Amino acid sequence: MAIPAHEDAMRPRENGRTRTAAPMMAGNWWTASPRYRAYVAYAFAGVLFWLQALILVRGLWALGTGEVAWNAYLEDLQNPIYVAFHVLSLAVLVWYGARTYFKLFVKTQPPKIGPLPRPPLGVFPPALAAAWIVVSLALIVVLGGIWP
Amino acid sequence: MANVKTFVVTRFDPDQDEVPKTQSYEVPVEPDWKVLDALNHIKDEIDPSLSHRWSCRMAVCGSCGMNVNGEPKLTCKTRLSDYGDTVTVEPLSNFPVVRDLVVEMDGFMEKFQDVKPWIVRAKELAVEEGTTRQSPEELSHFKQFSMCINCMLCYAACPVVGKEPGFLGPAAIALAHRYNLDTRDQGQEGRFEALRDGEIYNCSYANECSEVCPKNVDPSGAIQQSKLLSTIDWVTGLVLPRGGAKEGE
């Protein structure tokens with residue numbers, strides 16, 4: 001089932017002599033293929049990150065308000081709903097955010113990096129994934145108080 | 001041995017129809033037929049009023065792009081054996097329809113012109129100065145993006161093109177990138193401005209343009225690289241304003 005695209009999509013600046021039918025697009029394009037579904041899921045992840053930002057803003061506000069508000073905020077974060085939300089956000093960030101970013105990063109690489117030729121494109125995703133894991137572990141070790 | 005398939009084809013007569021409709025045809029197809037062969041059979045043997053574009057039959061001219069079962073395809077390259085008993089053929093999505101399966105191309109050509117798809121020189125070389133040389137390595141940087149055949153499949157696959165009329169779209173941006181990477185060209189500044197005016201940042205990386213491209217051009221890659229270079233150009237323009245007279249002039 002087709003739905004109307006924007007009425008001016010791909011329309012010339014001046015109408016031609018022949019009347020044309022309006023541009024259409026597939027009504028179910030976002031579910032039409034696994035690729036589109038992944039794209040829509042990635043875009044939807046923005047809603048989760050927006051909610052995350054609201055939680056952080058609330059934390060900032062609590063920090064500025066005083067110790068009581070800050071402690072209440074920390075206590076709220078222990079709530080299973082908050083914990084489940086953060087686990088879901090992490091999973092979405094890892095699966096869609098990082099995965100899409102790593103693929104996108106490969107596409108932005110110029111033919112030469114400075115004076116050096118670009119490494120083979122296949123090298124980038126595993127290298128990025130390895131760097132990401134190392135940085136994440138380092139943060140856990142340092143922020144978790146394990147070291148130093 | 002011929003096998004009968006049902007083709008559900010979009011029909012639109014601008015003199016009679018308010019909106020497009022569909023018409024079904026029963027076509028005896030041969031095992032090695034492409035979708036275009038079936039459309040030509042309908043035109044030649046069943047219904048001469050059917051209108052569709054085609055030319056080379058070998059995936060070079062880019063004329064025969066249509067939606068086959070909802071996916072943008074070059075019909076001369078799309079085997080019927082990959083489909084079931086019913087095949088839906090529609091005009092490319094996101095384009096106004098002139099007639100039946102023929103879409104309006106003028107908007108597409110205007111977007112191409114906006115990015116100046118030719119080599120721009122600040123000053124043409126005199127004949128006695130010889131040609132502008134280019135090494136095979138320099139050619140390899142942009143050759144991929146010059147393989148576009150203007151089939152418009154990427155425009156039909158892009159959800160942003162359907163919703164944002166000001167967006168230049170994949171093929172035009174890939175062509176702009178092709179000339180921006182060409183060592184003989186000196187027109188990057190104007191093209192970056194055209195890319196920004198053409199709402200390049202509206203691309204949300206669906207990547208479908210590269211998925212459907214029959215020549216493996218990777219317009220999505222060109223768009224992401226152009227976003228980066230265009231941003232650098234804009235920031236550089238802020239820090240080092242252009243167009244002023246140099247000291248001593």
Side-chain angles (χ1 to χ4, degrees), chain A residues 1-46 96-97 99-113 115-118 120-121 124, chain B residues 10 12 14-15 17-20 67 70-71 90-99 102-111 137-138 140-142 152 155-167 169 181 204-208 210-211 218 220-229:
Chain A
M1 178 68 185
I3 58 170
H6 192 290
E7 61 178 326
D8 291 329
M10 298 311 291
R11 204 174 277 287
R13 291 176 189 122
E14 287 184 19
N15 284 334
R17 283 176 298 176
T18 309
R19 187 173 72 86
T20 52
M24 305 292 282
M25 59 197 301
N28 64 339
W29 69 263
W30 52 84
T31 57
S33 77
R35 297 193 304 263
Y36 276 130
R37 286 195 288 274
Y39 163 68
V40 172
Y42 167 67
F44 182 72
Y96 288 113
R99 210 162 137 256
T100 306
Y101 172 74
F102 290 168
K103 282 196 283 186
L104 188 61
F105 186 88
V106 173
K107 292 206 177 234
T108 58
Q109 296 313 300
K112 292 180 88 168
I113 299 176
L116 302 172
R118 179 186 65 197
L121 290 177
F124 285 97
Chain B
T10 300
F12 173 68
D15 294 328
D17 300 326
E18 275 303 308
V19 292
N67 279 7
E71 204 174 343
E90 301 164 296
L92 290 174
S93 300
N94 303 333
F95 285 88
V97 179
V98 175
R99 188 183 190 96
V102 179
V103 297
E104 166 72 85
M105 289 179 64
D106 286 3
F108 175 72
M109 300 312 293
E110 285 174 359
K111 288 179 190 295
E137 190 203 343
E138 289 167 338
S140 71
H141 294 166
F142 68 81
M152 307 186 291
Y155 282 75
C158 175
V160 180
V161 167
K163 292 294 179 191
E164 303 285 350
F167 180 48
L181 292 179
S204 51
Y205 188 48
N207 201 43
E208 278 301 298
S210 296
E211 294 287 348
D218 192 16
S220 164
I223 295 171
Q224 309 321 318
Q225 289 176 35
S226 291
K227 278 181 187 171
L228 189 62
L229 295 173

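This structure is a prediction, so every number in the text was calculated from the model and none was measured. By convention in this document, chain letters (A, B, ...) are assigned in the order of the sequence lines, proteins followed by strands, and residues within each chain are numbered from 1.
Between chain A and the residues B:His141, B:Lys227, B:Glu208, the most heavy-atom pairs under 4.5 angstrom are made by B:Glu208. In terms of heavy-atom pairs under 4.5 angstrom with chain B, the leader among A:Arg13, A:Lys103, A:Gln109, A:Glu14 is A:Arg13. Interface check for chain A: of the options B:Val103, B:Leu181, B:Asn207, B:Leu92, the most heavy-atom pairs under 4.5 Å are formed by B:Asn207. Counting heavy-atom pairs under 4.5 Å between each of B:Pro159, B:Gly70, B:Pro20, B:Gly166 and chain A puts B:Pro159 at the top. Chain A forms more heavy-atom pairs under 4.5 Å with one residue of B:Glu104, B:Met152, B:Glu71, B:Gln225 than with any other, namely B:Gln225. Chain A forms more heavy-atom pairs under 4.5 Å with one residue of B:Ala157, B:Ser220, B:Pro96, B:Ala156 than with any other, namely B:Pro96. Contact count versus chain A (heavy atoms, under 4.5 Å) is highest, among B:Pro91, B:Gly221, B:Gly162, for B:Gly162.
Judged by distance alone, with hydrogens and angles left aside, the side-chain atoms of B:Asn94 form no donor-acceptor pair with the main-chain N or O of A:Ala9 at under 3.5 Å.
With a 4.5 angstrom heavy-atom cutoff, A:Pro117 does not touch chain B via any of its atoms. If you measure heavy-atom distances from A:Met24 to chain B, the contacts under 4.5 Å come from the backbone alone. Proximity to chain B (any heavy atom under 4.5 Å) is shown, for A:Glu7, by neither the backbone nor the side chain. With a threshold of 4.5 angstrom between heavy atoms, B:Tyr205 approaches chain A through its backbone and through its side chain. For a residue to count as touching a neighbouring chain, one of its non-hydrogen atoms must lie under 4.5 Å from one of that chain's; by this rule A:Arg118 does not touch chain B. Looking at A:Thr18, the atoms closer than 4.5 Å to chain B (heavy atoms on both sides) all sit in the side chain, from C-beta outward. For B:Glu137, the part lying under 4.5 angstrom from a heavy atom of chain A is the side chain only. In this structure, chain B has a heavy atom under 4.5 Å from the side chain of A:Lys112, while its backbone stays farther away. Contact of B:Val19 with chain A is not made at all, since no heavy-atom distance falls under 4.5 Å. Looking at B:Phe108, the atoms closer than 4.5 Å to chain A (heavy atoms on both sides) sit in the backbone and in the side chain alike. Heavy-atom distances place the side chain of B:Lys111, and not its backbone, under 4.5 Å from chain A. Contact of B:Asn67 with chain A is not made at all, since no heavy-atom distance falls under 4.5 Å. Using a 4.5 Å cut-off between heavy atoms, B:Ala222 makes no contact with chain A at all. Using a 4.5 Å cut-off between heavy atoms, B:Ser210 contacts chain A through its side chain alone, with no backbone atom that close.
For the atom pair B:Asp106 CG and B:Phe95 CZ, the distance stands at 11.0 Å (nearest 0.5 Å). Taken from OG1 in A:Thr108 to CD in B:Gln224, the straight-line distance is 8.0 Å, to the nearest 0.5 Å. With rounding to the nearest 0.5 Å, the separation of CE in B:Met109 from CE in A:Met10 is 10.5 Å.
Closest approach of B:Phe12 to A:Ala21, counting heavy atoms only: CE2-N, 3.5 Å. Residue B:Lys163 comes nearest to A:Pro4 through the heavy atom pair NZ-O, 3.8 Å, listed as atom of the first residue, atom of the second, then distance. Minimum heavy-atom separation, B:Phe167 to B:Cys158: CE2-SG, 4.0 Å.
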Inset, instruction - Please step through side-chain contact (heavy atoms from CB on, under 4.5 Å) for the pair A:Tyr39 and B:Ser204, ending with a clear verdict. - result: CA-CA 9 Å; A:Tyr39 163 68; B:Ser204 51; 2.4 Å; yes

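Aromatic ring pairs are classed by plane angle as parallel below 30°, tilted from 30° to 60° and perpendicular above 60°; the pair A:Tyr36 and A:Trp29 is perpendicular.
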